[in-house]
Amino acid sequence: MNLRGVHFSLRRWLSSSSSSKSSSVSWISPLQLSKFNAHKPDAPPETQTEARRKTKYISHDAAVNLIKRERDPQHALEIFNMVSDQKGFNHNNATYATILNKLAQSKKFKAIDAVLYQMKYDTCKFHEGIFLNLMRHFSKSSMHERVLEMFSAIQPIVREKPSLKAISTCLNLLIDSNQVGLAQQFLMHLKKSLNLKPNTCIVNILVKHHCKNGDLESAFEVVKEMKKSKLSYPNLITYSTLIDGLCESGRLTEAMDLFEEMISKDQILPDVLTYNILINGFCRGGKVDRARKILDFMKSQGCNPNVFNYSALMNGFCKEGRLEEAKELLDEMKRFGIKPDTVVYTTLINCYCRTGRVDEVLEVLKEMKENECKADTVTFNVILGGLCREGRTEDALKLLDKLPYEGIYLNKGSYRIVLNSLCQTGELNKGKELLRLMMGRGFVPHYATSNELLVRLCEAGMAGDATMALFGLVEMGFKPLPDSWALFVESICRERKLLPAFELLDELVNIEYN
DNA sequence: TTAGGGTTAG
């Protein structure tokens, strides 16, 4: 089926029947006019019914594609409602999943509730994947209680008990966002009402939780319990998590001991991830040469290093300023048939920048281009930092100016790196220029940086510039620190610019401090 | 996308 054509005809259909339906679909109750509603609005006039008959029937697959392709969530919802108006069409798991995902992506939570409400009364067979996806979205939006709510909705709507996968997903989302209280509540609920028999995966999440808090003793306590149960016996992930925890706490010797114990006592073989945890741990602990040996060891054991392993080790060399070895590592990985990615090149570029060789970065960028590896925001933030550290703020400003035209998205960090540097070196004219550039692009500096720039402008006797900057910043919601006001007013008076001083005082009166 | 891994700035 030609989707473009279908989309077009559907749009025409939508607009032709707008008087009856699509225009009255609202966000608050987006399904009020759906076929599940007892009172339908007046039937469309006959001519429109005729038009509908001529319109191509839209299948579930086509509806899914249409909803996916629609950018505007309101329109997506209209499509969802409209297709269900077709004779014999009932939404299925796929169309519900697609509309819910679309609404969740655009954070239309009320509309989500309305769709979920409709699902309760639909006889369609649903799968719990819909709810796992919603749980992830709610977690990302820091709506942690709603994560639990989605879990609880599984049984009534899917009409099956939540799987172990659902339980792990929910628990992991709560733990990863540090919702310990909710996680405990969740576990209690599982024990009571679902008679849960936890598997290794679920207990591993708890082990991770203790490791993250640096509470290794509790982590080991949990593992001791795991060993008593067949259902949750420790596996490679349990050990890797523990080894990572030990490395994070700087307990490298114990990490190695545990690694060996895993192999000899439990006959569990490490994989690339386990080795990477060790490589990283040793690099962080300043033992890069040991990390290098671990990489060689894994090779000798037939475990081929991947791009993660090389970039971790490369970062270790970079942090110690060992550029030559980092470069050799790049060659080695290429010989080994591993394609360096953006992270690897960025790590290497960082090494050039940190060793005061920012000029040579151009060569690396050229190589990246040749290998079709795109330098990203992080890459350029590293370069911006390198330029500033060498006092080449003019070059940094030029880069900031042109990158967006070359398809590189800058973030607030990009501007902050340069603006902070300009403030520190007292290059206030350039600071002023940068402020204009970034505000013109919709980026407001961090309030501390804004405050510092303003104060420095005043101290340098640039009261006029300070005032201009201040007005711009206040308009974007910036509130200077109370102490700074006195300085502005004093500075303006000193420079005999009284009119701006009065205007400033007006601003002061208008700003509310909480 | 069921549990464990790599880059910048702050």
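Proteins come first, then strands; the chains are lettered A, B, ... in the order of their sequence lines, and each starts at number 1. Only a predicted model underlies this, so the values are computations on that prediction, with no experimental measurement involved.
A donor and an acceptor atom sit less than 3.5 Å apart, one in the side chain of A:Asn235 and one in the base of B:dA3. With hydrogens and angles left out, the side chain of A:Asn309 and the base of B:dG6 share no donor-acceptor pair within 3.5 Å. Applying the 3.5 Å distance criterion, the base of B:dG10 shares no donor-acceptor pair with the side chain of A:Asn420. The base of B:dG4 lies outside donor-acceptor range of the side chain of A:Thr241, with no N or O pair under 3.5 Å. A donor and an acceptor atom sit less than 3.5 Å apart, one in the side chain of A:Thr274 and one in the base of B:dG4. Contact of A:Ser168 with B:dT2 (side chain to base): a donor-acceptor pair of N or O atoms is detected under 3.5 Å.
The side chain of A:Asn350 lies closest to B:dT8 when the candidates are B:dA3, B:dT8, B:dG10. Distance from the side chain of A:Lys319 is smallest for B:dT8 among the nucleotides B:dT1, B:dT8, B:dG6. Comparing B:dG4, B:dT7, B:dT2 by their nearest atom to the side chain of A:Lys165 picks out B:dT2. Residue A:Val307 has its side chain nearest to B:dG6 when only B:dT8, B:dG5, B:dG6 are considered. Distances from the side chain of A:Val344 to the nucleotides B:dG6, B:dG5, B:dT2 place B:dG6 closest. Counting only heavy atoms from C-beta on, A:Asp271 has its side chain closest to B:dG4 among B:dT7, B:dG4, B:dT8. Distances were taken from every side-chain heavy atom of A:Thr200 (C-beta onward) to each of B:dG6, B:dA3, B:dT2; the shortest belongs to B:dA3. When distances run from any side-chain atom of A:Thr169 to the nucleotides B:dT2, B:dA3, B:dG5, the shortest one goes to B:dT2. You'll find that the side chain of A:Arg354 is closest to B:dA9, out of B:dG4, B:dG6, B:dA9.
When the C1' atom is used for both B:dA9 and B:dG5, the distance is 22 Å, rounded to whole Å.
Residue A:Asp376 is classed as having no contact, given no heavy-atom separation below 4.0 Å to the nucleic acid. Using a 4.0 Å heavy-atom criterion, one finds that A:Asp341 contacts the bases of the nucleic acid, with or without backbone contacts as well. Counting non-hydrogen atoms under 4.0 angstrom, A:Val203 reaches nothing in the nucleic acid.
Proximity of the aromatic rings of A:Phe138 and A:Phe109 is defined here by a centroid distance below 6.0 angstrom, and this criterion is met. Aromatic rings from A:Tyr96 and A:Phe126 are positioned such that their centres are separated by under 6.0 Å.
Across residues 277-286 of chain A, A:Asn280 each have a non-hydrogen atom less than 4.0 Å from an atom of DNA chain B (numbered order).
For the pair A:Ile243 CD1 and B:dG5 P, the interatomic distance rounds to 13 Å; values are reported in whole Å. One can place OH of A:Tyr415 at 16 Å from C1' of B:dT8, the figure rounded to the nearest angstrom. As a whole-Å value, the separation of A:Tyr310 OH from B:dG5 C1' is 16 Å. To the nearest angstrom, P of B:dT1 lies 11 Å from CG of A:Asp176. The CG-C1' distance, from A:Leu419 to B:dG10, rounds to 13 Å in whole Å.
Not one N or O on the side chain of A:Glu372 forms a donor-acceptor pair closer than 3.5 Å with the backbone of A:Lys369. Of the possible polar contacts, none joining the A:Asp266 side chain to the A:Ile268 backbone as a donor-acceptor pair under 3.5 Å is found.
At least one test fails for A:Lys334 against the ring of A:Tyr310: distance under 6.0 Å to the centre or angle within 45° of the axis.
Annotation for A:Val358 and A:Cys353: closest pair CG2-SG, 3.8 Å, computed over non-hydrogen atoms.
Within the structure, side chain to side chain donor-acceptor pair (under 3.5 Å) pairs that include any residue of residues 129-140 of chain A comprise A:Asn101-A:Asn133, A:Asn101-A:His137 (at least two apart or interchain).
A:Leu187 is linked by a side-chain contact (heavy atoms from CB on, under 4.5 Å) to A:Leu171, A:Leu190, A:Leu206, counting only residues two or more places apart in sequence or in another chain.
Salt bridge A:Lys228/A:Glu225: present, at least one basic N to carboxylate O contact under 4.0 Å.
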